[in-house]
Amino acid sequence: MCGATVPVPLLADVIAARGITGHSAAVLEAVWRGKGMPVVSQEIFDAMYADDPDGGPSPTRMYLDLRKAIDGLNARLNDSGVAVAEAGFRQGFRLNLSVVS
């Protein structure tokens, strides 16, 4: 990293411009709040299933839904300078911002 300042878009603008909805939007919002620091999966699950009175499906289903949401999210964010990446084994996920030329 060169240490240069990267312009940060507004979350609402990214969501609207890229047509991000549902679990993908919840994942992006949760990771965005982490400001580049790792966000544990449980925190993301809480955002994904905030409206579910049962707290969501089984843990296996949650992880499958999370992976699907991240894959779809990163596909929509392609070439935007914004991405969600794994932070490391059992460390969660983090926001990546980069300069788009």
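Only heavy atoms go into these numbers, but all of them, side chains included; no hydrogens, no water, no symmetry mates.
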| message | If hydrophobic clusters are built from ILVMFWY residues whose side chains come within less than 4.5 Å, do M37 and F45 share one? | response | no
| Are R94 and N96 close enough that a side-chain donor and a side-chain acceptor fall under 3.5 Å? | yes
| field | Joint cluster assignment, I70 & W32, ILVMFWY side-chain distance < 4.5 Å | value | yes
| query | Hey, are the side chains of L28 and L95 touching, using non-hydrogen atoms and a 4.5 Å cut-off? | reply | yes
| field | Cluster check L11, V27: I/L/V/M/F/W/Y, side chain < 4.5 angstrom | value | yes
| Can you hop from V31 to I15 via hydrophobic side chains spaced under 4.5 Å? | yes
| query | Quick one: does S24's side chain have a donor or acceptor within less than 3.5 Å of a partner on A69's backbone? | reply | yes
| field | ring-ring contact (aromatic ring centres under 6.0 Å, His included) involving F93 - partner list, sequence neighbours excluded | value | none
| Checking side chain to side chain contact (heavy atoms under 4.5 Å, CB included) for the pair L77/R18: CA distance, chi angles, key distance, verdict? | CA-CA 7 Å; L77 293 171; R18 298 293 174 144; 4.2 Å; yes
| Side-chain heavy atoms of M62 within contact of P57, under 4.5 Å | yes
| Interatomic distance, S80 atom OG to I20 atom CD1 [nearest 0.5 angstrom] | 7.5 Å
| field | Polar side chain donor-acceptor pair, Y49 to D65, under 3.5 angstrom | value | yes
